[in-house]
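These notes are about the structure you will find just below.
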2 protein chains.
Amino acid sequence: MPKLWSETIDTHRRTVRDAILEAGWALVSERGLMSVTMTQIAEKAGIGRATLYKYFPDVETVLAAQHERHVAAHLEQLTALREQPGGPAQRLKAVLERYALICYHREKHGTEEFAALLHRGEHVAHAEQQLTALFEELLVEAAASGELRDDVPAEELASYCLHALAAAGGLPTEQAVARLVSITLTGLGLSV
Amino acid sequence: MPKLWSETIDTHRRTVRDAILEAGWALVSERGLMSVTMTQIAEKAGIGRATLYKYFPDVETVLAAQHERHVAAHLEQLTALREQPGGPAQRLKAVLERYALICYHREKHGTEEFAALLHRGEHVAHAEQQLTALFEELLVEAAASGELRDDVPAEELASYCLHALAAAGGLPTEQAVARLVSITLTGLGLSV
DNA sequence: AATTTTGCGAGACACTATGTCTGTATAGAA
DNA sequence: TTCTATACAGACATAGTGTCTCGCAAAATT
């Protein structure tokens with residue numbers, strides 16, 4: 001198992017890196033954030049402990065990297081959705097729906113909630129901020145076409161969306177998620 | 001400083017316990033969740049390490065207790081507010097406003113976000129659930145008097161409120177918080 | 001094909017943290 | 001006063017940390 005070798009060195013390093021992130025995440029899920037150790041991560045990833053230290057300096061960094069990877073994947077989905085045809089309101093709705101579903105489907109023990117606690121917060125928050133920036137752009141567009149309440153800055157509306165839709169993580173069904181999106185859109189002053 | 005003695009034993013134990021929780025929280029705030037150790041907590045609290053172990057078995061438990069104490073304090077404020085005179089909608093608005101301000105004022109690195117990560121989650125979530133239960137009751141009352149949208153279960157509305165208002169933690173001013181509350185209420189179908 | 005570069009694994013090391021268990025002293029409770 | 005509960009300091013075995021070697025094997029380079 002420790003024999004993790006791919007064709008080229010670069011792809012190999014990426015493979016090992018991914019295995020580390022995967023292992024770290026799995027350990028958080030099954031043993032809890034506080035009890036994850038570098039030793040455990042190395043074992044789970046199938047590499048030596050010293051090797052692990054050549055990739056990441058500590059547990060926190062492993063988890064932060066994992067978080068960043070997740071957010072990046074989400075951003076990719078959402079930006080693709082933003083480019084689709086349709087009015088600003090329609091595209092906004094599509095993106096918010098997709099984000100709610102992402103929150104709904106993501107594994108338990110929230111992928112996102114790291115940000116506030118890891119104290120790498122300032123840096124992880126950056127990834128999160130890309131999300132709010134994406135929302136904000138869409139909101140500005142929608143506001144320009146007069147489909148939105150204009151008594152609140154777009155930045156605040158974006159933050160509202162992000163938090164409100166995070167509630168999807170605790171909902172029981174996709175129907176409930178759809179209702180949540182509807183509620184959230186109503187808050188924006190958008191008739192859907 | 002280590003001489004933490006109060007009149008009676010019971011009050012003394014409470015004093016020490018509070019000092020521990022305070023110390024734990026301070027360490028999380030300044031050094032980050034991952035680097036807090038029992039040794040540090042004991043030093044900061046001004047007690048011996050062995051003594052600390054007679055109060056709490058590990059760091060996670062200290063933090064969970066601290067979290068529970070915070071939520072309890074919030075609940076006390078909010079239930080007091082719920083008993084006040086006025087129509088259901090008014091009282092709902094008052095409670096939501098208060099909760100938003102609590103989120104706004106609470107120290108950085110979110111008091112609440114522990115729940116999902118500490119893996120004591122199931123138990124801490126109970127405290128959180130008391131909050132949603134409180135919201136839910138108010139929402140049912142308001143719905144009964146026809147001031148609310150009735151196409152969504154109260155439980156989901158409560159979850160929506162809790163998450164949406166959590167956005168107050170990242171807002172710059174109290175005016176922004178007021179706007180957030182307004183948006184959230186609009187989502188509920190409440191005219192304010 | 002031979003050589004150089006790169007990365008891995010195992011082990012060793014000093015250090016810190018953990019969790020438990022003493023013995024002794026001191027402050028409330030009876 | 002006597003009894004009980006608590007704190008403290010220190011000791012201890014165990015485990016995790018972060019760094020450093022070494023020798024080996026696979027890629028890149030020539």
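Each chain gets a letter, A, B and so on, in the order the sequences are listed, and its residues count up from 1.
- When the C1' atoms of four end pairs are superposed on the next four at each end of the helix from C:dA1-D:dT30 to C:dA30-D:dT1, using five pairs per end, the two resulting axes differ in direction by 30°, to 10°.
- Taking atom NZ on B:Lys54 and atom P on C:dG19, their separation rounds to 16 Å, with Å as the unit.
- Sorted by first then second residue, the salt bridge (Lys or Arg N to Asp or Glu O under 4.0 Å) pairs that include residues 158-175 of chain A, not counting sequence neighbours, number zero.
- Taking B:Glu137 as the reference, B:Arg82 meet the side-chain hydrogen bond (donor to acceptor under 3.5 Å, both in side chains) condition, with sequence neighbours excluded.
- Atom pair A:Arg13:CZ and C:dT5:C1' shows a separation of 14 Å (rounding to whole Å applied).
- Screening residues 133-157 of chain B for ring-ring contact (aromatic ring centres under 6.0 Å, His included), with sequence neighbours left out, gives B:Tyr99-B:Phe135.
- The distance between atom CG of B:Leu52 and atom C1' of D:dA9, rounded to the nearest whole Å, is 15 Å.
- Atom-to-atom distance recorded for A:Ile20:CD1 and A:Thr61:OG1 is 11.5 Å, nearest 0.5 angstrom.
- Shown here are the side-chain hydrogen bond (donor to acceptor under 3.5 Å, both in side chains) partners of B:Gln40, two or more places apart in sequence or in another chain: there are none.
- In this view, A:Arg17 satisfies the side-chain hydrogen bond (donor to acceptor under 3.5 Å, both in side chains) rule with no residue, not counting sequence neighbours.
- Taking atom CZ of B:Arg17 as the reference point, atom C1' of D:dT6 lies 17 Å away to the nearest angstrom.
- Between A:Ile47 atom CD1 and C:dA10 atom C1' there is a gap of 14 Å when expressed in whole angstrom units.
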Show me the side-chain donor-acceptor pairs of residues 42-53 of chain B shorter than 3.5 Å, one per line, residues at least two apart or across chains.
| unit_1 | atom_1 | unit_2 | atom_2 | d |
| --- | --- | --- | --- | --- |
| B:Lys44 | NZ | B:Glu30 | OE1 | 3.3 |
| B:Lys44 | NZ | B:Glu30 | OE2 | 3.1 |

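- In this structure, the CD atom of A:Glu43 is 14 Å from the C1' atom of C:dG9, given to the nearest Å.
- Checked against salt bridge (charged side-chain N to carboxylate O under 4.0 Å, His left out), A:Asp150 has no partners two or more places apart in sequence or in another chain.
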- A correct 5'-to-3' footprint of nucleotides 10-17 of chain D, with B, S and - meaning base, sugar-phosphate only and no protein heavy atom under 4.0 Å, is -B----SB

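- Between A:Tyr55 and the phosphate of C:dC8, there is a side-chain N or O to OP1/OP2 separation shorter than 4.0 Å.
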